Amino acid sequence: MSDVYAILKERGFVSQVTDEAALPGLLAAGPVTCYVGFDPTAASLHAGSLLPLMALAHMERAGHRPIAILGGGTAMVGDPSGKTEMRKMLSQDDISANGEGLRQQIRKFIGADGLVLDNSDWLLELSYVSFLREIGRHFSVNRMLTAESYKIRLEKGLSFLEFNYQLLQAYDYLVLFQKYGCHLQMGGDDQWGNIVAGMDLIRRVEAKPAYGLTFPLLETASGEKMGKTARGAVWLDAELTSAYEFYQYFRNTDDRDVARFLAFFTFLPMDEVRALGAEKDAALNRSKERLAYEATAVVHGKEAAEKAQQAARSAFCGSADGDAGIPTTELDSKRFAAGIGVVDLFAEVGLCKSKSEVRRLIKQGGARIADRRITTIEEKITPADLCDGCVLLRVGKKKVHRVVLR
RNA sequence: GGAGAGGUUCCCGAGUGGCCAAAGGGAUCAGACUGUAAAUCUGACGGCGAAGCCUUCGGAGGUUCGAAUCCUCCCCUCUCCA
């Protein structure tokens with residue numbers, strides 16, 4: 001059994017631990033059941049969730065038993081930790097549909113030994129008064145109110161509904177402790193309060209120790225939340241964020257983040273991670289290619305990663321083949337016969353949100369067809385612009401879209 | 001329930017009858033420079049367009065030649081009191 005605590009620590013996964021003296025020993029002594037919760041508040045997980053997923057994968061590789069909890073029950077309430085305002089309430093149907101999507105994604109990270117459970121199985125049937133008597137009595141409102149994660153909300157408003165969230169999550173941990181022998185809960189730093197609450201509950205009810213570990217809140221070097229772009233989140237679902245876009249997100253990693261991200265989002269041995277991350281200039285740029293490839297392979301599989309890499313190379317280095325992974329739109333060939341206005345075309349394939357945006361873009365010299373800059377908004381694309389029945393539209397240096405005749 | 005303060009374009013935030021598609025900052029996008037990085041500089045940044053037109057300042061009405069700005073009602077948030 002490899003020393004998973006050392007691995008997690010070395011790779012940067014460990015932010016806070018409830019009992020730093022005891023936890024490594026526990027993990028070294030034998031298989032430990034551990035869990036992480038995932039909120040089914042969207043149809044897919046995004047890049048920010050990769051950290052806990054990778055942590056679960058590392059645990060399993062080291063011989064422990066990972067459990068992923070879908071928060072089907074807790075999502076009915078909504079976690080206020082670290083949030084500025086209350087989230088829109090989701091319908092039960094949406095929540096369970098989302099949960100099914102997440103289950104697929106989580107399964108890519110944990111294997112047969114791991115479990116994916118849904119806390120709605122035990123939360124939805126709770127009866128109010130008995131829950132208050134059995135669980136609620138262990139919680140001190142005074143203490144909850146002083147928690148850091150509620151601080152903002154105490155200024156901006158916190159509904160009673162959300163205030164209960166912590167009890168439910170703590171109860172989750174208790175249930176898992178009792179039914180599955182789960183001794184470790186992990187989660188993002190924003191979960192610290194909830195995790196500690198669960199530990200305390202277990203100690204009070206069972207008089208036994210349990211542990212907690214949090215991951216650092218992931219930010220890019222420029223201070224952006226990991227996995228968020230101007231255009232929205234970087235999703236793990238290929239329908240929402242194509243493997244190509246996913247690859248590009250990591251390909252464009254800030255220099256300062258390369259080493260960290262290699263440690264977090266790939267399974268490459270740390271020696272290699274350190275070597276790749278220590279490169280300079282052009283070589284560091286190549287490390288980013290490796291990072292993008294490896295991370296894409298973890299989420300979408302080797303084949304998709306290969307394809308995305310080919311597509312990126314062909315889009316950026318001009319090599320002819322490998323277009324297949326580039327976002328593509330099919331258009332009726334009849335429409336080309338008379339020529340399509342560039343303004344309409346760029347807007348239609350989604351490279352720009354509106355025609356005004358296309359006009360601005362062209363005015364500023366940011367629109368190209370293959371490698372030719374478009375200089376006037378009057379320009380039309382005709383069959384003469386096609387090569388092999390397709391045409392590459394470019395916006396700026398990085399966005400590429402392929403149009404194919406049908 | 002009572003008193004007060006607020007809700008402005010992606011975010012923060014100015015604007016209290018025409019000069020407002022709305023200051024300023026951030027974010028974003030494009031150009032230059034580069035390494036598909038960062039930093040910097042330049043420009044753009046509601047929509048449709050040739051001019052010009054259309055839609056926007058919590059919602060619905062109203063006053064006015066003219067409203068983000070005034071009036072009425074409603075919804076929401078915060079603070080204090082109960």
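Please read all numbers here as calculations on a predicted model, not as lab measurements. Quick note on labels: first sequence line is chain A, next is B, and so on, each numbered from 1.
Atom-to-atom, CG of A/Leu361 to C1' of B/U28 comes out at 13 Å; the value is rounded to the nearest Å. B/G35 atom C1' lies 11 Å from atom CG of A/Asn252, rounded to whole Å. Distance, A/Arg368 CZ to B/A30 C1': 11 Å, rounded to whole Å. Rounded to an integer number of Å, the gap from CZ of A/Arg251 to P of B/A37 is 8 Å. In this structure, A/Arg360 atom CZ and B/C48 atom C1' are separated by 12 Å, rounded to whole Å. In this structure, A/Phe250 atom CZ and B/U36 atom P are separated by 19 Å, rounded to whole Å. Atom pair A/Arg313:CZ and B/G35:P shows a separation of 18 Å (rounding to whole Å applied). The distance from atom NZ of A/Lys355 to atom C1' of B/G46 is 16 Å, rounded to the nearest whole Å.
The number of heavy atoms from other shown groups lying within 6.0 Å of CD (A/Gln92) does not exceed 12.
Put simply, the side chain of A/Gln364 and the base of B/G31 share no donor and acceptor less than 3.5 Å apart.
In this structure, A/Asp281 reaches the bases: a heavy-atom distance under 4.0 Å links it to at least one base atom across the strands shown. If you check every strand for non-hydrogen atoms under 4.0 Å, A/Glu357 touches nothing. Contact annotation for A/Lys363: no contact, since no heavy-atom pair falls under 4.0 Å across all strands. Within the nucleic acid shown, A/Arg373 comes within 4.0 Å of sugar-phosphate atoms alone, with no base atom in reach, counting heavy atoms only.
Taken to the nearest 0.5 Å, the CG atom of A/Asn119 stands 11.0 Å off from the OH atom of A/Tyr171.
Contact check on A/Arg143 versus A/Asp200 returns a salt bridge, with a Lys/Arg side-chain nitrogen under 4.0 Å from an Asp/Glu carboxylate oxygen.
Within the 4.0 Å cut-off from OP1 or OP2 of B/C48, at least one side-chain nitrogen or oxygen of A/Ser354 is found.
The aromatic rings of A/Phe265 and A/Phe261 stand perpendicular to each other, their planes meeting at an angle above 60°, with 30° marking the opposite boundary.
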